[in-house]
K.L.:
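Let me begin by handing over the structure; questions about it come next.
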Amino acid sequence: MTPDQILETLTDVFRDVFDDNALVLTRETTANDIEEWDSLNQIKLILGCEQAFKLRLKPREINALQDIGSMVDHIHTLVA
Amino acid sequence: MLFSSAEFLFWFLPLSLLSFHFARAQWGGQAAMGTAVAASLFFYGWWNPPYLVLILISVGINFLWTKSLVRRPGLAKLLVALAFNLGLLGYFKYRNFFLENVDFLVNGNADAIGSLGPIFIPLGISFYTFQQIALLIDAYDEAVEAPPSLLEYSQFILFFPQLIAGPIVLYRELAQQFSNLEENHGAGLSLFGPGVAVFALGLFKKICLADGIAPFANTAFGAHETITLLEAWAGTSAYALQLYFDFSGYSDMAVGLGLMFGFRLPLNFDTPYRARNMIDFWKRWHMTMTRFFMMYLYNPLALSLSRYGLARFRHGGVIFIITVAVPTLATFLLSGLWHGAGWTFVAFGAVNGIGLIANHAWKGLKGPKMPFVLAWSLTILTVLVSFVYFRADSLTAAHNMLSAMFSPSAFILPNWLEGVAHQLGLEWRTLSMLSTGTYAVKCFFWVVALAILSVRMPNWAKTYDDLKPTWSLAFVVAFMGFWAIGWLDQPQTFLYFQF
């Protein structure tokens, strides 16, 4: 999977979790840019990513990720 | 030595800043950090020198453990380190509370514990313990690239602007700033100006606003046995504003001090009384504590329970309880207990946890979007109820306050409104808090003025990068600084220092 494909799939996961089909993700998007991003949605995002990318994330694995770009890169290393 | 005391402002702070920046210019970043650590130890020792030994032991042992975990992560090693830290915190902060409750359960009273004597909680222990625990877990998770040197670690934990009451900083927020300083391309004095502005705002919030409104809250909570409806609302509102300006004032001072030294510390308050729901409120109130609990407790718990719940159950209500209600309530009960060893703090956590669960349920059920005024009022009402528990000396005192706030029979007018009471057929008497019209008007003025300021005041701790050195800014900063210094004669301790 290329980083662009990961970003595309990630966008679908986010749209599903935030129930917003117009949501657009860029590598620079952060939690502060999405008003509805809260603790519960974060858990839903982890579960959504696990399902979409067929992987298992540790609970604190996304703590250190600063933005969507670092999330894409992190998933890229896991699925590569 | 309080940030708002003369010895700090006119003696300790100028000297520590001068020595830090002189050492940085003359001998480089490491020497500067050395002076900051030495100043921080002096600052901490000023209160109670024996507790320096405790914090140094804690820092020394945690430093070695962190280093070892970064090099070779291991679950057993992490668990021993966590047990050490939580054991230390438990012994000093929760020992009496725990024994009193055991005694109550076994013997039906807690009198025997009186022989233990009062417990003196080492200043800042909840904060420096959490900061060290966060780094230990990050090290175990392999989220720390290189182990900190002893100097970096000491500065990370002991740096006086954040040592006593936060913000709870993550190592990753400072690691790069330390490297930059050590390689002599740190922020230098470039953040000094904004730092002075943020600090002055914090000083003004604490001395002029929080300490100014505090007497109204103290009088109300002191008279909880005879308090009436109007007084209970006035006192609780006054306390909510005192707490906000006290702690956000302290946090602004911490961020401002960090900037004066060239360090960016994280934001702790983002105008929380503007929040339109409980989720929003906790994204804005004591943000670094919430972040700690979310990252290291709620997320692991909620994720495990979600995996468990989603794999076994189909009923939406059951899934909601397992995946949302249980982890949220558990997290907030523990965060309440973190504030203090008492059932009032547990109740504070419970009220907020229940508020958040209701908020998530409303969202989950796709309830209609409430008008802002209604949503905001419900949020503030929940927050006020929780703050009654937070402030009250006992559950009985809290329940006296709450029953006065919500019981129509407690609606009793003061004696100076006797005429109005007669006309409307209402009960009146001489009240313990609002005993004179002048006092009531003063209280009303303070509550309204501070309520407006709490939502309208600029948040420079968040926007300091946008501050421009204009005459108007200089005038405002000088005005706040002079006003605060003029009221310095009786510095009051910060509310969060007790935690």
Side-chain angles (χ1 to χ4, degrees), chain A residues 6 9-10 12-23 25 27-80, chain B residues 78 134 137-145 170-173 175-176 267 270 276-284 287 290-307 309-311 319-320 322-325 327-328 331-332 353 356-357 359-361 363-364 366 462:
Chain A
I6 292 172
T9 310
L10 209 50
D12 291 337
V13 172
F14 272 64
R15 285 178 176 175
D16 188 36
V17 168
F18 293 106
D19 199 14
D20 178 1
N21 286 330
L23 198 140
L25 289 186
R27 288 186 63 88
E28 288 73 37
T29 306
T30 68
N32 294 335
D33 299 320
I34 301 174
E35 202 190 329
E36 292 293 307
W37 193 321
D38 58 34
S39 51
L40 177 60
N41 282 333
Q42 175 135 332
I43 298 298
K44 288 181 182 169
L45 285 174
I46 295 176
L47 294 170
C49 285
E50 287 185 344
Q51 205 169 15
F53 298 105
K54 306 275 180 286
L55 46 83
R56 194 166 171 93
L57 292 165
K58 290 179 198 157
R60 294 180 298 271
E61 207 158 339
I62 66 169
N63 280 352
L65 305 177
Q66 306 284 329
D67 51 26
I68 294 298
S70 49
M71 201 162 171
V72 168
D73 296 340
H74 185 67
I75 293 172
H76 191 235
T77 59
L78 294 175
V79 297
Chain B
L78 175 71
I137 298 175
D138 285 350
Y140 168 75
D141 286 343
E142 299 179 51
V144 180
E145 283 176 19
L170 300 176
Y171 184 67
R172 68 176 74 110
E173 290 170 319
Q176 190 58 48
L267 182 67
D270 189 7
R276 57 168 294 131
N277 57 53
M278 287 305 289
I279 296 170
D280 193 18
F281 180 81
W282 280 101
K283 282 160 98 175
R284 293 164 176 266
M287 295 153 72
T290 311
R291 175 179 68 174
F292 177 91
F293 275 103
M294 288 302 130
M295 285 171 71
Y296 300 105
L297 180 62
Y298 175 85
N299 284 354
L301 188 60
L303 193 58
S304 313
L305 287 171
S306 295
R307 284 183 178 135
L310 292 170
I319 290 177
F320 180 82
I322 294 173
T323 61
V324 181
T328 304
T331 303
F332 272 82
L356 274 158
I357 292 166
N359 196 167
H360 281 302
K363 275 176 78 177
K366 300 203 188 308
K462 183 183 181 184

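Values below: all heavy atoms of this structure, side chains included; hydrogens, waters and symmetry mates excluded. A note on names: the letters A, B, ... follow the listed sequences, proteins ahead of strands, and every chain is numbered from 1.
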K.L.:
Tell me, for I46(A) versus chain B, whether the close heavy atoms (under 4.5 Å) come from the side chain, the backbone, both or neither.
P.N.:
side chain
K.L.:
What heavy-atom pair brings I43(A) and N299(B) nearest, and what distance separates the two atoms?
P.N.:
CD1-O, 3.6 Å
K.L.:
How long is the gap from CD on E36(A) to CD1 on I279(B), to the nearest 0.5 Å?
P.N.:
7.5 Å
K.L.:
With a 4.5 angstrom heavy-atom cut-off, could you sort out which part of L310(B) is near chain A: side chain, backbone, both or neither?
P.N.:
side chain
K.L.:
Within residues 48-57 of chain A, which positions have a heavy-atom distance to chain B below 4.5 Å?
P.N.:
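E50(A), R56(A), L57(A), listed by number.
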K.L.:
Under the rule for side-chain hydrogen bond (donor to acceptor under 3.5 Å, both in side chains), what residues qualify as partners of D67(A), not counting sequence neighbours?
P.N.:
S70(A)
K.L.:
If the condition is side-chain hydrogen bond (donor to acceptor under 3.5 Å, both in side chains), which residues does R284(B) pass it with, not counting sequence neighbours?
P.N.:
D280(B)
K.L.:
Could you tell me which portion of M294(B) (side chain, backbone, both or neither) has an atom closer than 4.5 angstrom to a non-hydrogen atom of chain A?
P.N.:
side chain
K.L.:
Counting only non-hydrogen atoms closer than 4.5 Å, does N32(A) touch chain B with its backbone (N, CA, C, O), its side chain (CB onward), both, or neither?
P.N.:
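The answer is neither part of N32(A).
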K.L.:
Give the member of R307(B), K283(B), H360(B), R172(B) that has the highest number of heavy-atom pairs under 4.5 Å with chain A.
P.N.:
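When all of R307(B), K283(B), H360(B), R172(B) are compared, R307(B) has the most.
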K.L.:
Which atoms of Y140(B) are under 4.5 Å from chain A, going by heavy atoms: the side chain, the backbone, both sets, or neither?
P.N.:
side chain
K.L.:
The criterion is side-chain hydrogen bond (donor to acceptor under 3.5 Å, both in side chains); which residues satisfy it with Y296(B), sequence neighbours excluded?
P.N.:
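With sequence neighbours excluded, Y296(B) shows a side-chain hydrogen bond (donor to acceptor under 3.5 Å, both in side chains) to D138(B), given in chain and number order.
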K.L.:
How long is the gap from CG on L40(A) to NZ on K363(B), to the nearest 0.5 Å?
P.N.:
7.5 Å
